[in-house]
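Just the heavy atoms: all of them, side chains too, but no hydrogens, waters or symmetry mates, feed the values below. Per chain, numbering begins at 1; letters A, B, ... match sequence-line order. From a predicted model like this one, the values you see are computed outputs, not experimental measurements.
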Amino acid sequence: MPNAKSGFFEWVFFFVKTYGPMFLKGAGTTLLIALTGTLVGFIIGLAVGYVRAIPCEKGDGAVKYWLLKLVRTLLGVYIEVFRSTPMIVQSMVIFYGASSVLHINLPYLLAGFIIVSINTGAYLSEIVRGGIQSVDPGQMEAGLAIGMTYGQTMLNVVLPQAIRNILPALGNEFVVNIKDTSVLNVISVTELYFVSKSAAGTYFKYFEVFFITSVIYFVMTFTVTRFLRWLERKMDGPQNYAMHGSQTVPDVELIRKGGAASE
Amino acid sequence: MNETILQVNHLSKSFGDHEVLRDVDFSVSRGEVISIIGASGSGKSTLLRCMNLLEKPSSGEILFHNENIQRPGFDLQTYRGRVGMVFQQFNLFSNMTALENCVVGQMKVLKRSRVQAQNIAMAFLEKVGMSAYVKAKPRQLSGGQKQRVAIARALAMNPEALLFDEPTSALDPEMVGEVLSVMKDLASTGLTMLVVTHEMGFARDVSDRVVFMDGGVIVESDVPEVVFTRPKHPRTREFLARILDQ
């Protein structure tokens, strides 16, 4: 163990050697929660965004109209509440709310999954709705015009395009989640930040430990960002089909909006 | 006279205060090729869009083989397969290849197997001269190519009638010909066609009947020779003089 006279790098080396496996385990937990939370949040976002995009006219029958209105209002409340409060506060309310009101002691990791999923779902709902609206209405009309139902056209035609359009925003959300899972340390989830805090507290060496921690966070987010860029390019495929060029190469870059949500 | 397939009675359509169609009566017989001409905003496209309920009529009825298509419980999905539509902006499904565009409707609506649907799709893509592009995505195709795939997509549903909503208006001039020639071929096969168009040559040479619309009403409806050479109504004369002058 280094002593009081030891320098910065000796301490860093010491922490990497001694706490290396713990850091890695914490980073693994961070990635696991971020990935699960983003995926489940995405599914929530798809469902909520889909419901909020259903066209709703008074002529459709009173029951359907009011039911849809009610569900939409509730979903709107969900989105607003979760976008307007910090995730660190949501963690406390959900975790301690579950134990003192519902008398359920949530396992820490499960609590982490739930909080990140619900939080991400709120952001992604709005992004999915924007993605659906960004798809040319002619696509839906064409689906209806060959006899497909609204749902069939949505599933086979509109949503795949909407998802492609919001992929950058989805990747962004994943990266944000990798960083933001650190707030879960307040409910003792042993993710990377929690592990770092414990290690640093033991030796009162905060700078050294959190230097290592930032490197780990950076490597994780940077790798994920690069991977997602690569995935997007792969999904787009080649621009041209035949040798003879066509003068109409529509704008693929059309909608990269959708993003701009969280942080 | 052949059997009437589609019958439109007292059809009106308003968007807010703006009345686009006023009490339109109109019928289509089997095998007929009808061109609907008229200035922009005369209600041609709205009439066409009402006929497959992409727009809900404000009043009036539309009968398909004497059955009201707005009746509750009417099988709208099957009907839309029977009366297909080709759009001005093509509206090919951007996330699918040319082949998939022609397959998905057959599988979802007609419940054909993938193999069967693909064979039928291939046959129609060949018919419109697009068989070399089956694996191309819409953004890799020119406007004329897209429209030909869109026609194949509609044909693959085995329709009784096809509605064409200004099928060549969004095309560059040199591509209009390839689409019109496909449509001419179709007309000669006896397919019932309803074509909203600004192509007066097509209206005159290919259609059995020309309908002139103005201000939301059908002003004149007759065989092409009569409409183009001795129109009865002054508004028709005015319109034709203006458009043929260009």
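Counted within 6.0 Å of CZ on B/Arg71, heavy atoms from surrounding residues, nucleotides or ligands total more than 12; the atom is thus considered enclosed. Open room surrounds NZ on B/Lys108; 12 or fewer heavy atoms of other groups in view lie less than 6.0 Å from it.
Residue B/Arg82: no heavy atom, backbone or side chain, is found under 4.5 Å from chain A. Residue B/Phe87 touches chain A through its side chain alone, counting heavy-atom pairs closer than 4.5 Å.
Residue A/Ala145 comes nearest to B/Asn52 through the heavy atom pair CB-ND2, 4.0 Å, listed as atom of the first residue, atom of the second, then distance.
At distances below 3.5 Å, not a single donor-acceptor pair connects side-chain atoms of B/Asn95 with backbone N or O atoms of A/Leu159. With hydrogens and angles ignored, the 3.5 Å screen pairs no side-chain donor or acceptor of A/Glu141 with any backbone N or O of B/Leu54. The main-chain N or O of B/Leu92 is found under 3.5 Å from a side-chain atom of A/Gln139 such that the two form a donor-acceptor pair.
Side-chain contact between A/Asn156 and B/Met96: present, with at least one pair of heavy atoms (C-beta onward) separated by less than 4.5 Å. Residues A/Val158 and B/Phe93 fail the side-chain proximity criterion, which asks for heavy atoms closer than 4.5 Å. Side-chain contact check for B/Gln89 versus A/Asp136: every heavy-atom pair is 4.5 Å or farther apart.
Atom-to-atom distance recorded for A/Ile146:CD1 and B/Leu110:CG is 9.0 Å, nearest 0.5 angstrom.
Within residues 72-79 of chain B, the residues having any heavy atom closer than 4.5 Å to a heavy atom of chain A are B/Gln77, listed by residue number.
Here B/Arg80 is the residue among B/Glu100, B/Gln106, B/Arg80, B/Met85 with the most heavy-atom pairs under 4.5 Å with chain A.
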